[in-house]
Chemist: 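To start, I am sharing the structure in question, which I have written as structure tokens.
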There are 2 protein chains.
Amino acid sequence: MTTASRTARERVRAELIKEITDIARRHLSTEGAAGLSLRAVAREMGMVSSAIYRYFPTKDDLLTALIIDAYNAIGDAVEQADAGCARDDFTGRWLAMARSIRQWALAHPHEYALIHGTPVPGYQAPADTVDPASRDGVMFGRLIADAHAAGAITLPQDTRAPVGFHDDAEALREAIFVGVPDEVILRGLHAWTWMYGAVSFELFGMYNNVISERAATFEHGALSLAHYIGLT
Amino acid sequence: MTTASRTARERVRAELIKEITDIARRHLSTEGAAGLSLRAVAREMGMVSSAIYRYFPTKDDLLTALIIDAYNAIGDAVEQADAGCARDDFTGRWLAMARSIRQWALAHPHEYALIHGTPVPGYQAPADTVDPASRDGVMFGRLIADAHAAGAITLPQDTRAPVGFHDDAEALREAIFVGVPDEVILRGLHAWTWMYGAVSFELFGMYNNVISERAATFEHGALSLAHYIGLT
DNA sequence: AAAAAACGAGAGCACTGCTCTTGACGACAT
DNA sequence: ATGTCGTCAAGAGCAGTGCTCTCGTTTTTT
């Protein structure tokens, strides 16, 4: 199996796969996930509809590819945002991460919806999506761990994480929230939840006729929730 | 126009409409919104597919009916939860509301997804959806207003609502958050956002392999965010 | 009793995801 | 250089969808 000869065919195959996903992503960004049609993609490529099944045996497979790409795009955005901050500016890093996710979502609403919208019934996320899917969360967890290690988090005293959460916290401390107490982890998850909730609310129209100053109120929420977590 | 004579036809029409929406809701709860098919509903009713268009001229109209029903179901749940609390137990009322929404969502996941999931591209929510859609939020706003009027909210000092939000706050104070300062309104909206974010995260699988004690952590979040709002 | 409106049935259009078969082309070892 | 084998595009076809139009029939209105 000479690599060069095999590459001949595999190269055009890889190119076609890329072209398909690119066209599909473009269709996605105009028609939404439901309006994505394999036949339409094939048509635009000058292919007959059946030919496309050589590359994506089912529509779900195409969607999976787009989903993985979207997760990675978010992961990239978050990592880049985090990298642009001073390591010990923990609140700044959190704000930068939150901002980057909101910005990406506003720029790619349909791809965001693909990830954080209604799960397609019957669609089971394949195993190769879970790593890309957790990149942003891992970054956030590391930030909390960094802040806690630096003594930049004062443990909130007005609530206590439920005992049932302790096992979950143990697992999370394993690799992500290293050394972080239960209550702080849980508050971190709540803040994380708020952030995606806010982005989804804004994108899905729940703030229509309620909030017009979207960016500023998002910023306010992120900052006030930083205090909620205990970030000083 | 004798009411009795006109009712003859209109009564069976109303019954058919109810039967259609009931069947549609059942299909929705098993196949999800995407899998809802007018033809399948008609088939189950022993109707020919074209006949159903006499009652719902388009699939979107059927979905709209289901959406309104879902909004009203949430509104009912929240109102009932609130009514079961002592008027001056503000934190308890908030917890009851949050719980009721989570419970309803867990019991009707697909209907919930219809409302808080990906908006269908091209679907424009008709005017008669906005009133049912805002029932839960209005209840929440009234609660905050009640609590503030009773002096049960201590204005948080670590952040200040952005000036751009002031106009929004003014409008919200008009009928819902009567007398509530900007910062408290905004924190209320953030808490509200967290709550729906948490329900969506739980329902859409984002807490898989992260949080197993769902009810307890939700409770913790609701309580800690009550403090975040300033509820004493 | 006559006119108007509402209705169910059926055929049909354009579209979808997906399958199967057929014939051509390219890569491979002999 | 030849024959074999896997890959590929193409086409026809199936079952399903939303939706439209027409045509008798029934019910309501006038």
Side-chain angles (χ1 to χ4, degrees), chain A residues 1-21 23-24 26-28 30-67 114 120-124, chain B residues 1-21 23-24 26-28 30-67 114 120-124:
Chain A
M1 43 168 97
T2 38
T3 3
S5 61
R6 179 204 271 185
T7 328
R9 201 169 208 143
E10 286 201 345
R11 231 183 42 201
V12 54
R13 182 180 177 84
E15 263 175 35
L16 279 183
I17 286 184
K18 173 165 169 38
E19 192 176 342
I20 292 175
T21 54
I23 294 180
R26 239 193 35 245
H27 285 202
L28 186 76
T30 63
E31 329 270 342
L36 204 173
S37 146
L38 289 190
R39 294 179 104 114
V41 173
R43 217 174 296 137
E44 185 166 334
M45 295 188 52
M47 254 178 166
V48 88
S49 72
S50 60
I52 214 168
Y53 289 89
R54 299 250 172 221
Y55 303 94
F56 292 95
T58 186
K59 193 184 174 185
D60 277 359
D61 292 290
L62 214 198
L63 281 179
T64 298
L66 295 177
I67 286 174
L114 201 59
V120 182
Y123 174 82
Q124 268 299 353
Chain B
M1 45 168 97
T2 38
T3 6
S5 61
R6 180 204 268 183
T7 329
R9 199 169 209 147
E10 284 202 345
R11 230 182 45 199
V12 53
R13 183 180 175 85
E15 263 175 36
L16 279 184
I17 286 185
K18 173 164 169 37
E19 192 177 341
I20 291 176
T21 55
I23 294 180
R26 238 193 36 243
H27 285 202
L28 185 77
T30 64
E31 329 272 341
L36 204 171
S37 144
L38 289 191
R39 293 178 106 115
V41 173
R43 217 175 296 135
E44 185 166 334
M45 295 188 52
M47 256 176 164
V48 87
S49 72
S50 60
I52 215 167
Y53 288 89
R54 300 258 175 213
Y55 303 94
F56 291 96
T58 186
K59 192 184 174 183
D60 277 0
D61 292 290
L62 215 199
L63 281 179
T64 298
L66 295 178
I67 287 174
L114 202 59
V120 182
Y123 174 81
Q124 267 299 353

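Every chain is numbered from 1, with letters handed out A, B, ... down the list of sequences. Only this structure's heavy atoms are used, side chains among them; waters, hydrogens and symmetry mates stay out.
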Chemist: Can you tell me whether the side chain of Arg39(A) and the base of dG17(C) have a donor-acceptor pair closer than 3.5 Å?
Modeler: yes
Chemist: Flag the pair Leu16(B) / Met47(B) as yes when at least one side-chain heavy-atom distance between them is below 4.5 Å, and no otherwise.
Modeler: yes
Chemist: Figure out the CZ/C1' separation between Phe56(A) and dC8(D), and round it to whole Å.
Modeler: 16 Å
Chemist: For Leu38(A) and dT17(D), what is the distance between atoms CG and P respectively, to the nearest whole Å?
Modeler: 19 Å
Chemist: What are the two closest non-hydrogen atoms of Met45(A) and Ile20(A), and how far apart are they?
Modeler: SD-CG1, 3.3 Å
Chemist: May I have the distance from Glu31(A) (atom CD) to dC15(C) (atom P), rounded to whole angstrom?
Modeler: 13 Å
Chemist: For Ile20(A) and dG17(C), give me the distance from atom CD1 to atom P, rounded to whole Å.
Modeler: 13 Å
Chemist: Report the distance from atom CD of Glu10(A) to atom C1' of dG26(C), rounded to the nearest whole Å.
Modeler: 14 Å
Chemist: Take Tyr55(A) and Asp61(A) through the side chain to side chain contact (heavy atoms under 4.5 Å, CB included) test and state the conclusion after the steps.
Modeler: CA-CA 9 Å; Tyr55(A) 303 94; Asp61(A) 292 290; over 6 Å; no
Chemist: Which heavy atom in Ala33(B) sits nearest to a heavy atom in Leu28(B), and how many Å separate them?
Modeler: CA-CD1, 3.4 Å
Chemist: Expressed in angstrom and rounded to an integer, what is the separation of Tyr53(B) atom OH from dG10(C) atom P?
Modeler: 17 Å
Chemist: What heavy-atom pair brings Glu44(B) and His27(B) nearest, and what distance separates the two atoms?
Modeler: OE1-NE2, 2.7 Å
Chemist: NZ of Lys59(A) versus C1' of dG16(D): gap in Å, rounded?
Modeler: 14 Å
Chemist: Determine the minimum heavy-atom distance between Leu66(A) and Ala24(A), stating which atoms define it.
Modeler: CD1-CB, 4.1 Å
Chemist: Select base, sugar-phosphate, or nothing to describe what Leu62(B) touches, counting heavy atoms under 4.0 Å on all strands.
Modeler: nothing
Chemist: Among dT16(C), dT17(D), dG18(D), which nucleotide sits nearest the side chain of Ala40(A)?
Modeler: dT16(C)
Chemist: Below 4.0 angstrom from OP1 or OP2 of dT16(C), is there any side-chain N or O of Arg43(A)?
Modeler: yes
Chemist: Nearest whole Å is fine: how far is dT28(D) P from Arg11(B) CZ?
Modeler: 10 Å
Chemist: Distances for protein N/O vs nucleotides 3-9 of chain C N/O pairs under 3.5 angstrom?
Modeler:
unit_1, atom_1, unit_2, atom_2, d
dA6(C), N3, Arg9(B), NH2, 3.4
dC7(C), OP1, Arg13(B), NH1, 3.2
dC7(C), OP2, Arg13(B), NH1, 2.6
dG8(C), OP1, Tyr55(B), OH, 2.8
dG8(C), OP2, Tyr55(B), OH, 3.2
dG8(C), N7, Arg54(B), NE, 3.4
dG8(C), O6, Arg54(B), NH2, 2.6
dA9(C), OP2, Val48(B), N, 3.3
dA9(C), N7, Ser50(B), OG, 3.3

Chemist: What are the two closest heavy atoms between Thr64(B) and Tyr123(B), and how far apart are they?
Modeler: OG1-OH, 2.6 Å
